[in-house]
Amino acid sequence: MSKLAQDAAAFKSVLQRQDYTSWHSQPPPIEKASDEIAPSGSKKKRPKSNIVYSQPADTGTGTNVNTQLVYAVNHLKSTHNPIRLQDLAILTSTPLDTDHVLLEKFKTHDRVVWDPKTDLYSYKHEFNFRNKAALLTEIQRQTRRGGGIPVRALKESWKEAPAAIEELEAEGEVLVTRTTKDGQLKMVFWNEVKPTEESGGMLVEQEFLDLWHELKVPNDVDLLKQLSSEGLQATTAAAGPAPKGPSTKKKGKKGTATRTRQVRITNTHLKGDIDLSKDYVPIKP
């Protein structure tokens with residue numbers, strides 16, 4: 001056998017021993033079509049879509065100058081540090097650095113502060129503080145004016161404000177109101193009466209608190225019975241409105257009630273000289 005015939009036989013034997021299962025050239029098994037024809041009488045289910053057609057799609061900052069101004073101011077509000085105009089334009093995708101009309105409206109906005117020395121822009125919050133001591137001073141100032149401060153407004157000025165308020169509440173410096181649903185901070189007031197024996201602001205003992213909450217207010221019927229048994233009488237507000245007496249208005253057409261018409265007296269300058277109640281009789285010559 002020649003050399004060429006031996007090489008051909010060796011190549012054929014190698015091909016017979018080769019495993020083709022891992023080759024990518026081998027066609028994959030035929031899968032069943034996912035969209036099969038539904039049987040007669042049944043409707044084909046539509047694929048679920050997460051698109052909410054009732055809500056407009058977010059198209060970005062748009063092309064209107066006022067819309068772009070709102071986007072830029074809102075982003076500046078969320079940034080607690082001063083920022084360059086170019087960076088703000090890139091982050092908000094607005095032409096702040098190229099549109100002169102938009103830039104002029106942005107600079108003249110009542111909540112935008114521009115520092116000409118550093119050429120940086122910042123948002124003018126309602127309150128200006130960055131630590132717990134300054135926060136307490138602001139709460140004291142607002143409470144002396146006769147009201148508290150919403151915690152949301154304080155958080156916009158300083159994001160660490162809620163944690164600082166909770167610390168001040170634990171120290172007895174402030175009084176806090178919370179939401180009924182989840183107990184979130186709602187309003188904060190300055191606590192003028194400190195929890196010390198000298199100022200008289202100590203907390204009530206738990207025993208008296210339990211006794212107070214155990215008291216039950218009777219309903220209206222039992223309350224009236226208990227008052228009558230003690231020889232007392234309920235006030236008008238507690239007893240309810242007094243019953244109205246029977247109406248004596250006559251039935252008939254509307255507007256038929258008699259009205260007393262006021263008589264106007266004229267010729268008062270003749271009073272005393274001529275008797276106006278008698279007919280005039282000319283005087284004979």
Side-chain angles (χ1 to χ4, degrees), residues 52 54-179 181-192 194:
V52 181
S54 61
Q55 299 294 333
D58 188 4
T59 57
T61 57
T63 58
N64 187 272
V65 175
N66 295 326
T67 305
Q68 295 172 350
L69 178 64
V70 171
Y71 268 86
V73 173
N74 288 339
H75 186 83
L76 188 66
K77 181 179 179 181
S78 62
T79 304
H80 295 278
N81 297 322
I83 188 173
R84 294 193 313 155
L85 184 67
Q86 293 78 6
D87 297 337
L88 184 61
I90 295 173
L91 292 173
T92 57
S93 300
T94 54
L96 273 173
D97 52 347
T98 57
D99 192 338
H100 298 287
V101 177
L102 177 60
L103 180 59
E104 186 63 25
K105 288 190 173 184
F106 182 73
K107 284 185 175 182
T108 57
H109 196 276
D110 57 348
R111 289 293 181 180
V112 175
V113 179
W114 174 55
D115 188 358
K117 296 181 180 180
T118 60
D119 198 19
L120 297 178
Y121 293 82
S122 59
Y123 186 83
K124 182 181 178 182
H125 293 277
E126 186 177 357
F127 305 101
N128 187 15
F129 55 86
R130 288 293 181 271
N131 53 65
K132 189 169 70 172
L135 170 62
L136 180 59
T137 304
E138 192 65 41
I139 296 173
Q140 291 174 351
R141 184 184 298 110
Q142 191 70 20
T143 305
R144 290 192 181 98
R145 296 176 182 174
I149 306 178
V151 178
R152 181 181 300 177
L154 297 174
K155 186 178 180 181
E156 290 179 356
S157 303
W158 186 38
K159 62 180 180 180
E160 302 296 335
I165 291 173
E166 291 182 350
E167 293 178 3
L168 293 172
E169 182 186 17
E171 297 171 2
E173 295 290 341
V174 297
L175 299 174
V176 178
T177 59
R178 301 176 183 271
T179 57
K181 185 177 180 180
D182 49 2
Q184 295 294 326
L185 300 176
K186 187 176 181 181
M187 296 285 294
V188 58
F189 303 83
W190 177 47
N191 186 13
E192 300 183 21
K194 299 296 184 294

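Just so it is clear, the model here is predicted, and its values are computed rather than measured. Note that these values count all heavy atoms, side chains included, but never hydrogens, waters or copies made by symmetry.
- Looking at every heavy atom in both residues, Ile149 comes nearest to Gln142 through CG1-CG, 3.3 Å.
- The aromatic rings of Phe129 and Phe127 sit tilted relative to each other, their planes meeting at an angle between 30° and 60°.
- Residue Gln68 holds its CD atom at 7.0 Å from OG1 of Thr63, rounded to the nearest 0.5 Å.
- In this structure, the separation between NZ on Lys124 and NZ on Lys77 is 14.5 Å, given to the nearest 0.5 Å.
- Between Ser122 and Pro82, the shortest heavy-atom distance links the atoms CB-CA, 4.3 Å.
- Two residues are said to be in side-chain contact when any heavy atoms from C-beta on lie closer than 4.5 Å; Pro150 and Lys186 fail this criterion.
- One finds a salt bridge joining Lys132 and Glu171 here, because a Lys/Arg side-chain nitrogen approaches an Asp/Glu carboxylate oxygen to under 4.0 Å.
- At distances below 3.5 Å, not a single donor-acceptor pair connects side-chain atoms of Ser157 with backbone N or O atoms of His125.
- Residues Val151 and Pro162 share a closest heavy-atom pair of CG1-CG, 4.5 Å.
- Contact detail for Thr94 and Thr92: the closest heavy-atom pair is OG1-OG1, 2.7 Å.
- Closest heavy-atom contact between Trp190 and Glu173: CD1-O, 3.2 Å.
- Using a 4.5 Å heavy-atom cutoff, the side chains of Glu126 and Glu156 are not in contact.
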Report task. I would like to know whether Thr79 and Leu91 meet side chain to side chain contact (heavy atoms under 4.5 Å, CB included); could you show each step before the answer? Result -> CA-CA 11 Å; Thr79 304; Leu91 292 173; over 6 Å; no
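- Surrounding CG of Asp115 are more than 12 heavy atoms belonging to other residues, nucleotides or ligands, all under 6.0 Å away.
- How far CZ of Arg111 is from CG of Asn74: 12.5 Å, rounded to the nearest 0.5 Å.
- A distance of 10.5 Å separates CG of Leu103 from CG of Leu69, quoted to the nearest 0.5 Å.
- Taking the side chain as every heavy atom from C-beta outward, Val174 and Leu136 approach each other to under 4.5 Å.
- Here the side chain of Thr137 pairs a donor or acceptor atom with the backbone of Ala133 at under 3.5 angstrom.
- In Lys107, the NZ atom is crowded: over 12 heavy atoms of neighbouring residues, nucleotides or ligands sit closer than 6.0 Å.
- When Tyr71, Tyr123, Trp114, Tyr121 are each tested for a ring-ring contact (aromatic ring centres under 6.0 Å, His included) with Phe106, only one passes: Tyr121.
- Summarising the local packing, CZ of Arg152 is surrounded by 12 or fewer heavy atoms from other residues, nucleotides or ligands at distances under 6.0 Å.
- The nearest pair of heavy atoms linking Ala72 to Leu96 is CB-CD1, 3.9 Å.
- Ion pairing of Glu138 with Arg141 is present here, as a side-chain N (NZ or NE/NH1/NH2) and a carboxylate O approach within less than 4.0 Å.
- The closest side-chain heavy-atom distance from Leu185 to Glu166 is below 4.5 Å.
- Asp97 contributes no side-chain N or O that, together with a main-chain N or O of Gln86, makes up a donor-acceptor pair within less than 3.5 Å.
- Side-chain contact between Asn66 and Val70 is absent, with no heavy-atom pair separated by less than 4.5 Å.
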Requested in this report: Would you please test Val176 and Met187 for side chain to side chain contact (heavy atoms under 4.5 Å, CB included) and show each step?
Outcome: CA-CA 6 Å; Val176 178; Met187 296 285 294; over 6 Å; no
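- The shortest distance between side-chain heavy atoms of Leu168 and Val188 does not fall below 4.5 Å.
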